[in-house]
Amino acid sequence: MTERESIPDGDTLMAPAQNRPETMTTAGVDESVTIIIIGASGDLTRRKLMPSLYALYVQRLLHERFAIIGFARRAYDEASFRESMKEAIKSFSRLPVEEARLEEFIRCLYYHSGGLENPESYLKFKARIRDADRFPANRIFYLAITPEYFLTTIANLDRAELIHPVHEKSWSRVVIEKPFGRNYESARSLNHNILTHLDESQVYRIDHYLGKETAQNILSFRLANSIFEPVLNHRHVDHIQITAGETLGMEGRRGAYYDSAGALRDMVQNHLLQLLCLVAMEPPGNFTADALRGSRAQLLRSLMPPSPGEMPAKTVRAQYTAGFENGLSVPAYLKEDRIAPDSKMESYCALRLTIENWRWAGLPVYLRTGKRLKKRLTEIVIQFKQSPLQFFKTVECEGDFCDLTRSQPNTLVFRIQPDEGISLLFAAKRPSMQFVVENVAMNFSYRQTWHFSLPEAYERLLLDVMRGDSSLYTRSDQVEAAWQVMDPILKAWESQPNIPLHTYTPGSWGPAAADDLIRQDVRSWHNSD
Ligand code: BG6
């Protein structure tokens, strides 16, 4: 490969495909494929899947022979499905929509109406896709459905012989949305049952956080640079914290699902733990999907929840009250649509875990996430230890007026979203006739460095499943290991009456108890102003 050719992903980031330099190779798909979205009448298809497939199409990353079939119960005909997807793409596309390109794309969409539990509808579907010219033999089944249908659907696909056995030339891959299980036992049983129908290599368990450009960059940051990796260990790092704050509450019909999940299952078990894996895992032996997934799984296996006795001090759960979010009045969690009025489900949680392995030796990890918080903000903070001697006074100044303040340890911040970037906070001598220092930042910002919009996580993940690359998908052992860390917390919350369900006001950073959780270790949350 020449140097120019070795940067194929550049073009996945560029908007107008026709301006692409000829010397760049594409990062696209080299096999034709039929993508079947099961549950295609839902929100995920409208908001994420179709706009992402369209974005891949206009960037010329899809194979020239592709078909997309929506499969759902709703009695759409092809024309109305196409019309509705057109509207969805216009509303949610990250790239400018060109009418002519959209029309071309829409012509590759089809619809099949059928019940998920009805084996007949799969047989009819099979007869329908026999037309090999229109529907390429390689198949991706995307299960955009609620978890209670995962297994029935896979069993029905298998029974109808819609899934090619692994040794055949044409392949079948099944993408499974979250939540994958409710606890360790149910995830293990789901894995076990799914694997009676599919080979692990055919299963793509999605965690869209792994598809975020900023999450993928964590490994490049660690492994493409030589100066950071040597200090990422317990000798230099004081602790890690991850925050995923959202301002949204229970929009649309979300409450029905959310009230059976809560913040821990909805965000921590998957997204936050995967982010933690990226910053704390061992470098893989090579950059293959299995090695990468193995390193992530290994990290999860060394992650320790608090002991039962520590649960009240090291875990916090809470629900939002009525209040104001960005100036608008919002209802309390318990008054939201489809939430049980006496629900005990948490819309916020904060935890202190530790990583017990050679590199991290018991390092504390603080995680917090919640709905209706002050900001939409996801960031990973690595706080380093203080320098051994504090020679200098630290000041905080406004204009010429300075106050003494605490010296800040060096802090590395991965800003996952919004305002994507990385900052390194350090102390610099403030220009003056004295030796005082001020806390400043070196800042890398995606927006200032690259003037194109970042690809949607789903674009990358959909492309990867077409390419047969499962690096950014979770393997069965990873999902189970993550549940093994969450299970003791869920059990404690169910069984220990001394762990209260706190409340917090919308627009805040959560309950005071979450500040106490970190303050008891003489630390504080980053970015909580
Ligand atoms: C989903 C959760 O997986 O992630 C939602 O179910 C949450 O509750 C969403 O809002 C957050 O994703 P993002 O990409 O907007 O941070």
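Predicted, not measured: the structure shown is a model, and the values here were computed from it. One-based numbering, in listed order, for ligands and for the atoms of each.
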For Lys178, take its heavy atoms, then give the atoms of ligand 1 lying under 4.0 Å from any of them. 1 (C), 2 (C), 3 (O), 6 (O)
Exactly one of Arg475, Arg205, Arg173 clears salt bridge (Lys or Arg N to Asp or Glu O under 4.0 Å) with Glu200, and that residue is Arg205
What protein heavy atom sits nearest atom 15 (O) of ligand 1, and how far off is it? Arg376 NH2, 4.0 Å
Among Gln417, His271, Glu456, Lys371, which one has a heavy atom closest to atom 3 (O) of ligand 1? His271
Pair Arg372, Glu336 - check salt bridge (Lys or Arg N to Asp or Glu O under 4.0 Å), show working. CA-CA 12 Å; Arg372 291 264 186 254; Glu336 293 270 24; 3.8 Å; yes
For Glu420, is there any backbone N or O sitting under 3.5 Å from a side-chain donor or acceptor partner on Glu213? no
As a quick check of understanding, evaluate side chain to side chain donor-acceptor pair (under 3.5 Å) for Glu346 and Tyr333, giving each step before the final call. CA-CA 9 Å; Glu346 77 286 354; Tyr333 178 74; over 6 Å; no
Give the atoms of ligand 1, by number and element, whose distance to some non-hydrogen atom of His208 is under 4.0 Å. 1 (C), 3 (O), 4 (O), 12 (O), 13 (P), 14 (O)
Of all the atoms in ligand 1, which lie at a distance below 4.0 Å from a heavy atom belonging to Lys212? 13 (P), 14 (O), 16 (O)
Honestly, is Arg101 close enough over Tyr57, meaning NZ or CZ under 6.0 Å from the six-membered ring centre and within 45° of the axis? yes
Relative to the heavy atoms of Glu246, which atoms of ligand 1 are at a distance of less than 4.0 Å? 7 (C), 10 (O), 11 (C)
Within ligand 1, which atoms have a heavy atom of Asp266 less than 4.0 Å away? 2 (C), 5 (C), 6 (O), 8 (O)
Can you list the ligand 1 atoms lying under 4.0 Å from a non-hydrogen atom of Tyr209? 11 (C), 12 (O), 13 (P), 14 (O), 16 (O)
Between Glu229 and Arg222, is a salt bridge (Lys or Arg N to Asp or Glu O under 4.0 Å) present by the stated rule, with each step listed? CA-CA 6 Å; Glu229 200 54 22; Arg222 290 180 54 190; 2.7 Å; yes
